[in-house]
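This report concerns only the one structure given below.
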Amino acid sequence: MKRPRSGWVRRIVIRVLVVMAVFWGGGIALFSFLPVPFSAVMIERQLGSWLRGDFSYIAHSDWVSMDEISPWMGLAVIAAEDQKFPDHWGFDVGAIEKALAHNERNESRIRGASTLSQQTAKNLFLWDGRSWMRKGFEAGLTLGIETVWSKKRILTVYLNIAEFGEGVFGVEAAAQRYFHKPASRLSASEAALLAAVLPNPIRFKASAPSGYVRNRQAWILRQMRQLGGEGFMQANKLH
């Protein structure tokens, strides 16, 4: 007697989910102390370029510890992307509510509310997209890294895998590409410029900043000062 199709489909789905959970759980545990060699976004970009026949594209990054990153850089991405980062548990509920209200009124201009923790989980383990399934995985992974990693570790991994331009991943590669210096020597202005392109590093160029990027850079610098400058990083044990 043949078994119902739904039965073996369910078993396959469960097995796939178990394998993914073990893989992601292992990744969260290992990357709590090991350098991250590459991210899911880097793999996606590299494979995409090869499939398009572009063999000149190289997804490049150089891992550096937080001690080798200017404190201005961490402050800049917090000021730009997630000012409640030291205090939340992975999700900024207030920002999510505001984003939902905005998106209901402006369906053509969708606003996100992802925290640095969510972005780290997505960039490290997941694919691009806006499906509910991906968002569900992202939520689970975010809780995982918030539980296992310190805030300093989350910020370190984020800065090492964030995309700053075509093939440029991580703050060390970005500092060398755009300013010809190590990430440890980035100034507040340079850090704010790099943070200013993060909403869309393919459209916005740190090497040729538009008026919008310059305005955003100036806004980020003001936010950095209002947060308390380098003292903010020390007070929250982020550097």
Q: Report the C-alpha distance between Phe125 and Ile28 in whole Å, list the side-chain angles of each, state the deciding distance to 0.1 Å, and finish with yes or no for side-chain contact (heavy atoms from CB on, under 4.5 Å).
A: CA-CA 9 Å; Phe125 294 113; Ile28 290 172; 3.9 Å; yes
Q: Start with the C-alpha gap between His88 and Asp82, add the side-chain angles, then the distance that decides, and say whether side-chain contact (heavy atoms from CB on, under 4.5 Å) holds.
A: CA-CA 10 Å; His88 63 59; Asp82 185 6; 2.8 Å; yes
**Q.** Test log, rule side-chain contact (heavy atoms from CB on, under 4.5 Å), inputs Gln119 and Val77
**A.** CA-CA 12 Å; Gln119 292 179 49; Val77 296; over 6 Å; no
(Q) Working note: Phe31 + Val36, criterion side-chain contact (heavy atoms from CB on, under 4.5 Å); need CA distance, chi angles, decisive distance, verdict. (A) CA-CA 6 Å; Phe31 295 142; Val36 178; 3.8 Å; yes
Just distance, no hydrogens or angles: give the donor-acceptor pairs under 3.5 Å from side chains in residues 135-148, sequence neighbours left out.
residue: Lys135; atom: NZ; partner: Glu138; partner atom: OE2; Å: 3.3
residue: Glu138; atom: OE1; partner: Arg134; partner atom: NH1; Å: 2.9
residue: Glu138; atom: OE1; partner: Arg134; partner atom: NH2; Å: 3.4
residue: Glu138; atom: OE2; partner: Gln118; partner atom: NE2; Å: 3.1
residue: Thr142; atom: OG1; partner: Glu138; partner atom: O; Å: 2.7
residue: Glu146; atom: OE1; partner: Lys151; partner atom: NZ; Å: 3.4
residue: Glu146; atom: OE2; partner: Ser117; partner atom: OG; Å: 2.5
residue: Glu146; atom: OE2; partner: Lys151; partner atom: NZ; Å: 2.8
residue: Thr147; atom: OG1; partner: Leu143; partner atom: O; Å: 2.7

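Atom CG of Asp128 is separated from atom NZ of Lys122 by 5.0 Å, given to the nearest 0.5 angstrom. Here the straight-line distance linking atom OG of Ser187 with atom NZ of Lys181 works out to 5.5 Å at 0.5 Å rounding. Interatomic distance, Arg216 CZ to Gln223 CD, rounded to the nearest 0.5 Å: 10.0 Å. Rounded to the nearest 0.5 Å, atoms NZ (Lys205) and CG (Asn200) are 9.0 Å apart. Note that OG of Ser49 and CZ of Arg52 are 6.0 Å apart. Values are rounded to the nearest 0.5 Å. Within the model, atoms CG of Asn236 and CZ of Phe85 stand 9.5 Å from one another, a figure rounded to the nearest 0.5 Å.
No side-chain heavy atom of Gln83 sits under 4.5 Å from any side-chain heavy atom of Asp92. Contact check for Trp72 versus Leu221: no side-chain heavy atoms found under the 4.5 Å cut-off. At least one side-chain heavy atom of Leu155 sits less than 4.5 Å from a side-chain heavy atom of Ile78. Put simply, the side chain of Pro71 does not reach to within 4.5 Å of the side chain of Met66, judged on heavy atoms.
In the hydrophobic clustering of ILVMFWY residues, with side-chain heavy atoms under 4.5 Å counting as a link, Trp149 and Leu159 come out together. Hydrophobic clustering keeps Ile161 apart from Phe38 (ILVMFWY residues linked when any side-chain heavy atoms are closer than 4.5 Å, directly or through intermediates). Residues Phe169 and Trp127 are members of separate hydrophobic clusters, defined by side-chain heavy-atom contacts under 4.5 angstrom among Ile, Leu, Val, Met, Phe, Trp and Tyr. Hydrophobic clustering keeps Met42 apart from Leu194 (ILVMFWY residues linked when any side-chain heavy atoms are closer than 4.5 Å, directly or through intermediates). Met133 and Leu124 fall within a single hydrophobic cluster, where Ile, Leu, Val, Met, Phe, Trp and Tyr side chains are chained together by heavy-atom contacts under 4.5 Å.
More than 12 heavy-atom neighbours from other residues, nucleotides or ligands sit within 6.0 angstrom of CG on Leu34. Within 6.0 Å of OH in Tyr57 there are more than 12 heavy atoms belonging to other residues, nucleotides or ligands. Heavy-atom neighbours of Lys84 NZ from other residues, nucleotides or ligands within 6.0 Å: at or below the threshold of 12.
The two residues Ala175 and Leu186 have their closest heavy-atom pair at CB-CD2, 3.9 Å. The heavy-atom pair separating Ala195 from Ala80 by the smallest distance is CB-CB, 4.1 Å. Leu126 and Ala40 get closest at one heavy-atom pair: O-CB, 3.1 Å. Taking both residues in full, the closest heavy atoms of Asp62 and His60 are given as OD2-NE2, 2.8 Å, listed atom of the first, atom of the second, then distance. Contact detail for Thr115 and Gly90: the closest heavy-atom pair is OG1-O, 2.6 Å. Here the closest non-hydrogen pair linking Pro199 and Phe204 is CB-CE1, 4.5 Å.
Remark: the backbone N or O of Phe232 is not paired with any side-chain donor or acceptor of His239 at under 3.5 angstrom. Listed for the Gln234 side chain is no donor-acceptor partner under 3.5 Å among the backbone atoms of Gly231. Gln217 places no side-chain N or O within donor-acceptor distance of the main-chain N or O of Ala192, the cut-off being under 3.5 Å. Between the side chain of Tyr178 and the main chain of Phe164, a donor-acceptor pair closer than 3.5 Å is present.
Classification of Glu190 and Arg177 as a salt-bridged pair fails, no side-chain N sitting under 4.0 Å from a carboxylate O.
With sequence neighbours excluded, no residue forms a side chain to side chain contact (heavy atoms under 4.5 Å, CB included) with Leu51.
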